[in-house]
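Heads up, the thing below is written out as structure tokens.
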Amino acid sequence: MARCTAPSAPRFEHHDGSVLGIGAGAPRLSWTIDDAEPGFAQTAYEVEVTRAETTRVFPVEASDQVLVPWPAEPLVSREEAAVRVRVRDAVDWSPWGATSTVEAGLLSPADWAASFISPRTLAALETAAPVVRGRFDLPAAAVGRLRLTAHGVYEARLNGHRVGDEVLAPGWTSYSHRLRYQTHDITDLLREGSNELEVVLGNGWFRGRLGFLGERGLYGDRLALLAQLEVTDAHGELHVVGTDDSWTAAESGVLADDLYDGQRTDLRRPMWGSESAADVVDVVPVDLGVLVAPDGPPVRVTQVVPAVQVLRSPSGATILDFGQVLVGWVRLRVRGLAAGAEVLVRHAEVLEDGELGVRPLRTARATDTYLVAGGGEEILEPGLTFHGFRYAEVSGAGEVRGEDAEAVVIGSDLQRTGWFSCSDPMLARFHDNVVWGLRGNTVDVPTDCPQRDERLGWTGDLQVFSPTAAFLFNVGGFLTSWLADLSADQLPDGSVPYVIPDVLHDPAPTAAAWGDAAAVVPWVLHERTGDTGILARQLASMRAWVDRLDALAGESHLWAGGFQFGDWLDPSAPPDDPFAAKTAPDVVATAHLIRSADLVAQVASTLGEDAVAGHYRVVAAAARSAFGREYVTPGGRLLSDAPTAYAMALQWDLLPTPEQRVGAQRRLADLVRASGFHIDTGFVGTPLVTDALVGGGDVDVAYRLLLQTSCPSWLYPVTMGATTVWERWDSLLPDGSINPGEMTSFNHYALGAVADWLHRVVAGLAPTAPGYRRILVEPRPHAALTSARARHLTPYGETSVAWERDGDVLNVEVTVPVGAGATVRLPGLDEQTVGHGRHRWQVPDPCRVEEHRTPRTIRDVLDDPAIWTEVVNATAAVGVAADETAIAKRLTPFFDDPAAELVERLFAHGPRDGYGTLTKQLQPLLTP
Ligand code: BGC
């Protein structure tokens with residue numbers, strides 16, 4: 001009797017289902033098992049591979065089910081295989097699972113018969129987007145494949161029908177090293193006899209503007225197309241036609257297109273070009289060795305959002321509000337306009353004084369223009385650009401009704417895998433904002449922001465956000481591709497460009513927390529997806545980065561001096577100086593050297609490379625003792641007396657003695673109190689500070705920081721109506737004006753990195769073995785919440801933790817997928833280990849409100865939210881200090897003093913107006 005359900009249809013590499021045109025001849029396989037009897041454990045599996053009508057079964061004695069090796073001969077180019085799996089435990093076999101198919105792409109440059117072609121005279125910069133056209137006779141197709149790529153971005157149609165549903169293909173990679181091609185199934189679009197393929201080429205990342213220096217054409221000045229049609233006829237014979245010098249080109253109706261500036265379209269012209277103005281094409285030399293198949297999903301339209309209101313601005317402009325900051329473009333229906341009338345759509349993420357707030361876009365024009373055909377109804381929609389926006393100002397279209405406009409959301413079509421919910425609506429909204437931030441910043445490359453003249457693959461932003469990303473979406477293939485670009489663009493000396501793909505070309509890019517993405521991101525992928533292959537692939541790159549840092553540190557083992565971004569955007573840095581953080585860049589730098597050396601050692605030992613592991617352990621140890629000597633006092637104070645410094649030191653084990661650890665923990669909590677529970681960290685410290693607090697037992701302080709709503713805090717943007725995470729803690733100032741800094745995005749994921757802590761610690765769902773094969777369930781309930789829940793589709797299947805406080809009890813429900821196990825730590829219970837299935841516990845609620853206790857010290861006053869709120873309100877009312885932060889600052893030197901002396905301390909230096917009132921009001925709360 002089968003003791004488990006049939007395994008799922010296998011997945012190949014990090015792809016979600018069946019795959020066409022995979023780049024690996026021996027794709028690794030994964031499956032999930034929906035349900036099994038208690039105690040079931042897979043001990044063996046069989047993979048059945050059917051290719052060219054031959055079926056073979058490969059038995060393997062192993063408990064693995066995630067990214068297991070391809071058991072058969074590798075696939076050859078174009079070869080298809082149908083694969084299914086069954087598994088066995090000690091007792092019996094499961095039924096066979098469903099089948100999925102995998103078809104190899106072109107695995108060798110020699111498989112390409114086509115050549116890159118480029119219009120000879122058309123398609124210069126500043127001219128209309130070209131359409132490249134080919135006609136050919138083909139036999140009736142049993143199977144048809146079209147493989148396509150471009151210098152630029154393309155949209156193709158075959159015999160008048162759009163090919164595929166991809167947007168901005170082939171996406172953005174480090175083109176000179178890696179250029180993706182896509183494989184489409186065109187069997188149903190082909191005709192016996194004459195066929196016509198038309199492809200419009202936009203500038204995209206290849207030739208459009210890129211970066212804040214105003215540059216264009218960074219990869220070349222000629223757009224080009226590579227297309228290969230492959231038809232297998234009824235007799236199994238393969239017919240191949242591809243781009244060559246017999247193709248022609250014409251101008252499309254797209255007069256101008258740019259990712260930053262927008263698209264200008266003349267709807268009076270034939271969109272797919274006029275034959276009468278045909279141009280010849282040149283074959284252009286391109287190394288076909290750079291062609292690679294996609295590792296992850298393409299960019300697609302992922303959602304369509306209706307306009308929620310039509311606003312009239314003070315200046316009289318018509319502004320559409322889509323209710324959500326998103327990424328894509330506007331689809332607009334117009335009617336009855338005169339031929340040639342110009343309709344303009346401008347975009348922005350925020351309004352300022354009721355008008356479109358375009359200053360944050362800097363030089364990106366983000367404007368789509370249409371010259372309409374006139375007369376009847378027309379749909380206006382670009383396709384060779386994208387914008388980051390919530391609002392769109394429309395002019396020239398007459399009266400615009402909400403129902404005539406939609407926002408078309410685009411992005412890499414990543415499978416959603418993670419959810420979080422909780423009883424606090426603001427925190428839940430914050431989490432939604434994190435999800436939207438990720439969606440907007442995964443348009444093929446993990447970017448800093450999607451709207452201004454930047455949109456680059458900033459390494460630091462991803463370094464801090466990658467754990468959150470890996471929980472929320474299946475980013476396995478997406479980041480595998482990005483890491484391949486990172487390795488490709490890494491400098492020979494190991495330096496890692498600030499942005500990947502590198503378009504900044506700094507000659508010596510070494511910045512802590514940014515370049516460390518080389519070490520951190522592969523590790524995160526391994527931890528979250530169970531992929532060990534990625535470690536093997538990236539090890540050389542990781543080592544080169546750490547070797548570079550080790551060389552920079554030299555004999556002192558301290559990485560000091562030189563350019564650093566440091567704890568970028570520390571909230572106390574002035575708007576025009578985001579570098580001005582409280583934590584010294586040198587402290588940030590050596591801390592990162594140690595952390596990355598630790599990671600490389602761990603990776604090497606995972607891969608069984610013990611000598612390599614040993615070497616990096618030595619590098620880390622030397623830097624650790626130098627750090628301890630140089631930056632830590634015997635009592636555990638740090639050279640930079642700032643939360644980021646303590647958070648790094650605590651999280652990365654940089655404090656030599658237990659006493660120093662305790663001292664640092666105490667100091668970190670006091671610094672958070674001293675800021676009145678406001679965030680006081682930039683990009684580096686933000687993902688660490690709540691973990692560091694909880695590690696020191698200061699769960700309450702961590703929650704106070706998390707749930708703060710005044711500026712700066714995670715929830716302040718939510719109070720201001722944010723629908724995404726902002727670049728700055730105060731991108732929008734409390735008075736509703738836009739931060740005056742020249743870098744003010746309203747869609748930046750980095751500061752949303754705390755979401756990983758929401759999943760792991762607030763809800764309590766964390767991986768402790770690669771791919772969540774072992775899960776740590778350790779929720780940290782808090783009085784401020786009545787419930788929280790996290791759910792994640794791990795490579796093994798669905799897991800979740802939900803807790804709810806109900807009366808005197810805490811109810812906890814946990815789901816563990818088949819193949820995984822969990823360690824469960826709940827308040828009042830001994831640690832337990834459980835297997836797959838659903839588990840429930842009821843324990844005493846650890847957050848029961850204790851009966852009122854008079855605070856002993858001033859620190860206790862801050863730690864009691866109710867009393868502290870009264871202190872803040874009363875103190876602000878008499879005008880002693882303006883707000884929570886100022887009051888906390890005043891009291892900081894006196895945290896250890898008796899609570900009864902609080903009022904006295906508030907007036908320590910300065911006029912005593914209000915002393916009497918405050919004493920009367922507060923003293924009863926502060927004295928027993
Ligand atoms: C980007 C950041 C990036 C930074 C470098 C900015 O312009 O938007 O997110 O990491 O530069 O510090």
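Note that ligands are numbered from 1 as they come in the structure, with each ligand's atoms numbered from 1 the same way.
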Short side-chain to backbone donor-acceptor contact, T724 and N747, under 3.5 Å =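 No.
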Contacts of type salt bridge (charged side-chain N to carboxylate O under 4.0 Å, His left out), residue D461, not counting sequence neighbours =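 So D461 forms no salt bridge (charged side-chain N to carboxylate O under 4.0 Å, His left out) with any residue.
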Name the one of R452, R390, Q451 that satisfies side-chain hydrogen bond (donor to acceptor under 3.5 Å, both in side chains) with E349?
->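 Only one of R452, R390, Q451 forms a side-chain hydrogen bond (donor to acceptor under 3.5 Å, both in side chains) with E349, namely Q451.
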Name of the residue among L438, N441, V434 meeting side-chain contact (heavy atoms from CB on, under 4.5 Å) with V725 =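 That would be V434; it is the only one of L438, N441, V434 passing the side-chain contact (heavy atoms from CB on, under 4.5 Å) with V725.
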Are any protein N/O atoms closer than 3.5 Å to the N/O atoms of ligand 1? If there are, list each pair with names and the distance to one decimal place.
residue: ligand 1; atom: 7 (O); partner: R452; partner atom: NH2; Å: 3.4
residue: ligand 1; atom: 7 (O); partner: E454; partner atom: OE1; Å: 3.2
residue: ligand 1; atom: 7 (O); partner: E454; partner atom: OE2; Å: 2.6
residue: ligand 1; atom: 8 (O); partner: D448; partner atom: OD2; Å: 2.7
residue: ligand 1; atom: 8 (O); partner: R452; partner atom: NH2; Å: 2.7
residue: ligand 1; atom: 8 (O); partner: E727; partner atom: OE2; Å: 3.4
residue: ligand 1; atom: 8 (O); partner: H748; partner atom: NE2; Å: 3.0
residue: ligand 1; atom: 9 (O); partner: D461; partner atom: OD1; Å: 3.3
residue: ligand 1; atom: 9 (O); partner: D461; partner atom: OD2; Å: 2.5
residue: ligand 1; atom: 9 (O); partner: H748; partner atom: NE2; Å: 2.9
residue: ligand 1; atom: 10 (O); partner: D461; partner atom: OD1; Å: 2.6
residue: ligand 1; atom: 10 (O); partner: W514; partner atom: NE1; Å: 3.0

Side-chain donor-acceptor contact under 3.5 Å, R209 with T363 =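 The criterion, which ignores hydrogens and geometry beyond distance, is satisfied for T363 and R209.
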Side-chain donor-acceptor contact under 3.5 Å, R455 with Y260 =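 Result is no, nothing qualifies.
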